[in-house]
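Values below: all heavy atoms of this structure, side chains included; hydrogens, waters and symmetry mates excluded.
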Amino acid sequence: MIIENDGVDASSSTAFLSRMLQFGDSMFPIGAFAFSSGLESAIQAGVVTNAATLRAFARTALEQAARGDCIALIAAHRAATAGDVEALARIDAQAYARKLSDEARTMSVRIGKKFTEMGVEVVGAPLLRTWRECIEKSVTPGCYPIALAINFAVQDLPASQAFVVHQYGVATTILGAALRLMKVSHIETQKILYELTGQTAGMYETAAAARLSDMAGFAPLTDILAAIHTRAHVRLFMS
């Protein structure tokens, strides 16, 4: 985990950690459990068959997120800190445009809207209310990484912690779905999660140094699996 709070007192650090855990909890009510991030199709197509291939699939998803959504997240955190709503809308539009499948877009905007609504109710910051209005009026799509960035920025939580929460969410969404879709144990998924979260610091450094124009999501197999899932006759998850 990346810590940027060395200069604050212990009580502030505790509050930072507590809120990071709250908004990063897999049980936070934004509907993430309804999505598998492409894993369902990957299993049906034989791409993921065991713990080893599941680990590779989850690692690839994290790397793609670090090169895509997380670059937007960090840029949005800077814009939110400055209170620049127009910049946030531009960043949001670029994040949305880089999602090629309907399911990926649906997942991001549905979770993003719910996360924003929860932020308004729990945190209540003016910028969150403004962002909710922008989503409701269709001024902006309202992608999840942007909502997460705004939520953390208004609480004075650093971008690095928002990054950690985002990546943890990507991993737990896939691994949680795996427990319901394939023969894999809780021990195996926890070992995978432990291994992957250990790579977060390096991914953050790369994303933080990137420009918004560097955001990319080249993943042909993922896009093909998403297209297959859209037409699947039997589906447990929405993506």
Side-chain angles (χ1 to χ4, degrees), residues 1-8 12-26 28 30 32 37-38 55-82 84 87-88 90-92 94-96 98-99 104 107-108 111-112 115 119 143-176 189-219 222:
M1 184 178 297
I2 302 163
I3 302 297
E4 290 186 355
N5 304 320
D6 294 339
V8 300
S12 295
S13 294
T14 301
F16 285 153
L17 178 59
S18 297
R19 288 170 179 168
M20 178 182 174
L21 291 173
Q22 178 180 357
F23 289 99
D25 192 336
S26 61
F28 196 69
I30 57 175
S37 297
R55 180 187 296 106
F57 183 88
R59 183 177 63 248
T60 299
L62 287 171
E63 291 171 350
Q64 290 172 350
R67 295 193 301 266
D69 278 353
C70 285
I71 294 176
L73 182 151
I74 294 169
H77 190 278
R78 295 166 182 158
T81 300
D84 192 339
L88 285 170
R90 290 194 298 270
I91 296 165
D92 192 35
Q94 291 195 43
Y96 183 82
R98 283 169 170 78
K99 300 185 183 303
M107 177 180 177
S108 190
I111 294 176
F115 195 86
C143 294
Y144 170 67
I146 313 306
L148 176 60
I150 297 171
N151 185 297
F152 273 48
V154 299
Q155 296 185 73
D156 294 324
L157 297 172
S160 60
Q161 290 189 357
F163 180 93
V164 169
V165 166
H166 185 279
Q167 296 297 79
Y168 184 81
V170 171
T172 55
T173 294
I174 293 171
L175 296 175
T189 56
Q190 287 299 315
K191 288 174 67 177
I192 293 170
L193 181 62
Y194 185 83
E195 176 188 335
L196 295 180
T197 53
Q199 302 171 14
T200 302
M203 291 183 181
Y204 173 74
E205 291 176 2
T206 299
R211 300 166 299 178
L212 190 61
S213 59
D214 294 326
M215 185 168 48
F218 181 72
T222 301

Is the distance between the ring centroids of His77 and Phe163 less than 6.0 Å?
no

Do the rings of Tyr144 and Phe115 sit parallel, tilted or perpendicular, given the 30° and 60° boundaries?
perpendicular

Test log, rule side chain to side chain contact (heavy atoms under 4.5 Å, CB included), inputs Met215 and Gln94
CA-CA 9 Å; Met215 185 168 48; Gln94 291 195 43; 3.9 Å; yes

Salt bridge (charged side-chain N to carboxylate O under 4.0 Å, His left out) for Asp69 and Lys99? Distances and angles first, verdict last.
CA-CA 10 Å; Asp69 278 353; Lys99 300 185 183 303; 2.8 Å; yes

Which atom pair, heavy atoms only, marks the closest approach of Ala65 to Val170?
CB-CG2, 4.2 Å

Between CD on residue Gln161 and OH on residue Tyr204, distance to nearest 0.5 Å
10.0 Å

Heavy-atom closest contact (Leu212 atom, Ala72 atom, distance)
CD1-CA, 4.0 Å

So, taking the atom named CE in Met203 and the one named OG1 in Thr197, what distance separates them when rounded to the nearest 0.5 Å?
10.0 Å

By salt bridge (charged side-chain N to carboxylate O under 4.0 Å, His left out), Glu63 pairs with (sequence neighbours left out) none

Close side-chain approach of Phe152 and Val165, heavy atoms under 4.5 Å:
yes

When rounded to the nearest 0.5 Å, the distance separating CZ of Arg78 from CD1 of Ile74 is 6.5 Å

SG of Cys70 to CD of Gln167: how many Å apart, nearest 0.5 Å?
4.0 Å

Could you tell me if the side chain of Gln199 sits less than 4.5 Å from the side chain of Leu196, heavy atoms only?
yes

Gap between atom CG of Leu62 and atom CD1 of Ile174 - 0.5 Å precision:
6.5 Å

How many angstroms lie between atom CD1 of Ile71 and atom CZ of Arg98, to the nearest 0.5 angstrom?
8.5 Å

Pairing residues for Arg19 by the salt bridge (charged side-chain N to carboxylate O under 4.0 Å, His left out) criterion, not counting sequence neighbours:
none

Which heavy-atom pair separates Ala153 from Thr81 by the least distance, and what is that distance?
CB-OG1, 3.9 Å

On a heavy-atom basis, which atom in Ala66 and which in Ala207 lie closest, and how many Å separate them?
O-CB, 3.6 Å

Counting N and O atoms only, with roles assigned by atom type, does the side chain of Thr60 sit under 3.5 Å from a partner on the main chain of Ala56, one being a donor and the other an acceptor?
yes

Check salt bridge (charged side-chain N to carboxylate O under 4.0 Å, His left out) between Asp84 and all other residues, then give those that pass, not counting sequence neighbours.
none

How far apart are the closest heavy atoms of Leu193 and Ala171, and which atoms are they?
CD1-CB, 3.8 Å

Does the Asn151 side chain pair with the main chain of Gly119, one donor and one acceptor, at a distance under 3.5 Å?
no

Quick one, Leu88 and Ile150 - any side-chain contact, counting heavy atoms below 4.5 Å?
yes

